[in-house]
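Below is one structure, written out as structure tokens; comments come after it.
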Number of protein chains: 2
Amino acid sequence: MVQKRKGTVAKAKPEVPAEPKRRGRPRAYEPDVALGQVLAVFRRDGYAATSLDDLSAVTGMNRPSLYGAFGDKRALYIKSYQRYREDYTAPMVDIFKADIDIRERLRRFFEVALDIYLSGEQPRGCFTVMTVASDAIADPEIRALVHQGFADVDDAFGWCFRTAVKRGELPAATDIAVLSQMASATLYSLAVRARAGVPRTELQAIANGAVSILCRAVA
Amino acid sequence: MVQKRKGTVAKAKPEVPAEPKRRGRPRAYEPDVALGQVLAVFRRDGYAATSLDDLSAVTGMNRPSLYGAFGDKRALYIKSYQRYREDYTAPMVDIFKADIDIRERLRRFFEVALDIYLSGEQPRGCFTVMTVASDAIADPEIRALVHQGFADVDDAFGWCFRTAVKRGELPAATDIAVLSQMASATLYSLAVRARAGVPRTELQAIANGAVSILCRAVA
DNA sequence: TCTTTTTTGTACCATTTCGCATTAAATCCC
DNA sequence: GGGATTTAATGCGAAATGGTACAAAAAAGA
């Protein structure tokens with residue numbers, strides 16, 4: 001039971017942006033928390049291997065509540081995917097804001113990625129890769145999300161390399177598109193190897209090697 | 001019905017290495033063919049989303065026959081994985097034997113990979129990546145196969161770069177391990193994007209870009 | 001022809017899965 | 001307090017799933 005404040009000083013403190021004093025029986029769960037738990041299971045087992053009972057168990061919600069709150073399994077997966085993306089854009093934005101050179105920026109980028117991929121007791125990898133590798137990729141809406149994910153990552157790296165060129169860290173003739181896709185490739189490779197159980201030190205070595213190749217001066 | 005020769009000139013021509021005139025009712029299927037069909041379904045839908053009924057349907061074998069021939073679903077998956085690896089080592093070996101420079105060798109490597117990843121009416125991607133991204137990766141034996149797959153690919157690229165150094169195409173100081181892992185990363189990236197529906201021309205551009213980065217002379 | 005051997009094909013079982021219908025509970029508004 | 005409203009909880013039902021038992025079929029060998 002989570003009850004937050006009981007109608008004492010309600011007026012002065014809005015807390016959450018909108019809490020319009022709902023009418024009926026109060027929810028026994030926090031939608032955000034539940035979705036986070038759902039995401040964790042999807043990340044562990046993938047789309048097909050996850051049953052609604054699994055999600056019911058992990059959230060403590062029974063199936064009808066789950067259904068009422070989020071919709072069917074497909075809707076739950078899509079919401080989980082969006083949640084995943086939201087969760088991990090914040091730490092990435094920090095890296096963009098930092099006044100650092102391209103090597104350090106890439107290093108931090110891969111470091112955060114490894115945090116994500118290795119989270120949990122068992123390494124989870126990347127939700128996007130898991131989605132692509134599942135039968136869920138046959139779904140047009142999900143495929144569109146994945147494509148957006150690709151583009152966002154490519155663009156993020158593109159910004160990094162473009163900024164590096166502006167700062168004079170890389171030559172003007174740098175092929176930004178190619179480097180970005182190579183950096184993205186490194187990311188997917190880390191995701192795959194991480195989920196397969198490759199230890200973090202080894203993954204860091206791969207990331208470091210990638211940085212040195214991607215940032216070395218051309219002849 | 002496939003019957004090959006009936007006891008006419010059996011002695012002179014062994015055809016298949018061992019066909020010891022089996023005793024009971026003849027099989028109504030060709031194990032190799034069936035396993036190929038099983039592989040195709042696993043590649044399309046992944047481990048969890050594939051049911052024994054699906055496999056029964058595609059092979060034309062009923063479930064008990066399937067079970068008797070290959071074992072349970074897990075055994076079927078492992079055998080499919082091994083079959084996948086076997087199927088695609090031959091074309092790779094050809095690339096090793098060819099007397100070509102590193103750029104051409106990598107180009108062909110990625111070309112064959114794209115043939116694999118884009119095979120079928122719907123792009124299938126890489127079995128290894130699909131396995132990693134599924135819940136099957138929790139299985140130690142399957143995980144061992146995946147790790148072997150990683151190592152084999154890294155080693156194959158390693159041989160390519162080592163040979164290139166020997167041939168004077170790359171400087172002696174080349175970090176072969178790093179380049180190999182980058183090439184592997186490119187491969188996984190192609191696999192992921194291919195399965196997500198990225199068109200071949202775009203994938204080829206990525207591959208070409210990777211080749212130019214991996215083979216450019218250092219400063 | 002009759003037995004033995006191997007596979008096929010049908011049927012079955014226990015469990016899981018998804019989805020929904022219905023009832024019980026908890027809160028707000030009057 | 002009484003109705004309205006929203007959610008929780010139980011449970012049903014139809015279909016799918018993995019796996020197996022058992023009898024029929026098709027071949028070889030005696």
Side-chain angles (χ1 to χ4, degrees), chain A residues 1-8 10 18-35 37-38 41-42 45-78 80 134-136 139, chain B residues 1-8 10 18-35 38 41-42 45-80 134-136 139:
Chain A
M1 215 197 300
V2 185
Q3 67 172 20
K4 32 171 125 176
R5 82 199 152 89
K6 34 174 155 178
T8 47
E19 189 171 2
K21 219 51 179 168
R22 305 185 62 85
R23 192 86 189 291
R25 176 172 175 169
R27 279 196 284 247
Y29 59 90
E30 210 65 43
D32 286 348
V33 175
L35 190 56
Q37 294 162 326
V38 165
V41 175
F42 273 137
D45 295 338
Y47 182 70
T50 301
S51 72
L52 288 188
D53 277 339
D54 294 335
L55 301 179
S56 177
V58 76
T59 56
M61 301 165 65
N62 37 42
R63 271 206 312 288
S65 295
L66 209 53
Y67 203 85
F70 303 106
D72 64 2
K73 188 177 168 181
R74 177 177 170 280
L76 259 156
Y77 192 77
I78 291 175
S80 292
S134 75
D135 59 316
D139 186 298
Chain B
M1 217 195 303
V2 185
Q3 68 172 20
K4 32 172 117 173
R5 80 191 156 91
K6 37 175 158 178
T8 46
E19 190 172 1
K21 215 55 177 167
R22 303 186 59 86
R23 190 90 190 288
R25 176 171 176 170
R27 279 195 286 248
Y29 59 90
E30 209 65 42
D32 286 349
V33 175
L35 188 57
V38 165
V41 176
F42 273 135
D45 295 337
Y47 182 70
T50 300
S51 72
L52 287 188
D53 278 337
D54 294 335
L55 301 179
S56 178
V58 75
T59 56
M61 302 166 64
N62 37 41
R63 275 207 309 288
S65 295
L66 209 52
Y67 203 86
F70 303 107
D72 64 3
K73 188 178 170 182
R74 178 177 169 280
L76 256 153
Y77 192 76
I78 290 175
K79 287 190 170 69
S80 293
S134 75
D135 58 318
D139 186 297

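No hydrogens, no waters, no symmetry mates; every other heavy atom, side chains included, goes into these values. Residue numbers begin at 1 in each chain, while the letters A, B, ... track the order of the sequences.
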Distance-only check: which donor-acceptor pairs under 3.5 Å involve side-chain atoms of residues 63-71 of chain B, not counting sequence neighbours?
residue : atom : partner : partner atom : Å
R63(B)  : NH1  : D53(B)  : OD1          : 2.4
S65(B)  : OG   : N62(B)  : OD1          : 2.8

If you measure from CG on L35(B) to OG1 on T59(B), what distance do you get to the nearest 0.5 Å? 10.5 Å
By salt bridge (charged side-chain N to carboxylate O under 4.0 Å, His left out), which residues pair with D135(A), not counting sequence neighbours? none
Check this one for me: any side-chain N or O of [X] less than 4.0 Å away from OP1 or OP2 of [N]?
X      : N       : result
S65(B) : dT7(C)  : no
N62(B) : dG9(C)  : yes
R23(B) : dT6(C)  : no
K73(B) : dG19(D) : no

Could you tell me whether the side chain of S56(B) and the main chain of L52(B) form a donor-acceptor pair under 3.5 Å? no
What residues, two or more places apart in sequence or in another chain, satisfy ring pair (Phe, Tyr, Trp, His ring centres under 6.0 Å) together with Y77(B)? F42(B), Y47(B), F127(B)
Quick check on contacts: within residues 45-53 of chain B, what sits under 4.0 Å from DNA chain D by heavy-atom distance? T50(B), S51(B), L52(B)
What is the distance from [atom1] of [X] to [atom2] of [N], rounded to the nearest Å?
X      : N       : atom1 : atom2 : value
R27(B) : dA28(D) : CZ    : P     : 15 Å
D72(A) : dT17(C) : CG    : C1'   : 13 Å
Y77(A) : dC18(C) : OH    : P     : 15 Å
L55(A) : dC18(C) : CG    : C1'   : 12 Å
M61(A) : dT6(D)  : CE    : P     : 17 Å

Sequence neighbours excluded, which residues qualify as side chain to side chain contact (heavy atoms under 4.5 Å, CB included) partners of V41(A)? R44(A), D45(A), T50(A), D54(A), L55(A), V58(A)
Sub-3.5 Å pairs of nitrogen or oxygen atoms, protein against nucleotides 20-24 of chain C:
residue : atom : partner : partner atom : Å
dC20(C) : OP2  : Y67(A)  : OH           : 2.9

Taking only the side-chain heavy atoms of Y29(A) (C-beta and beyond), determine which of dA27(D), dA8(D), dG19(D) contains the nearest atom. dA8(D)
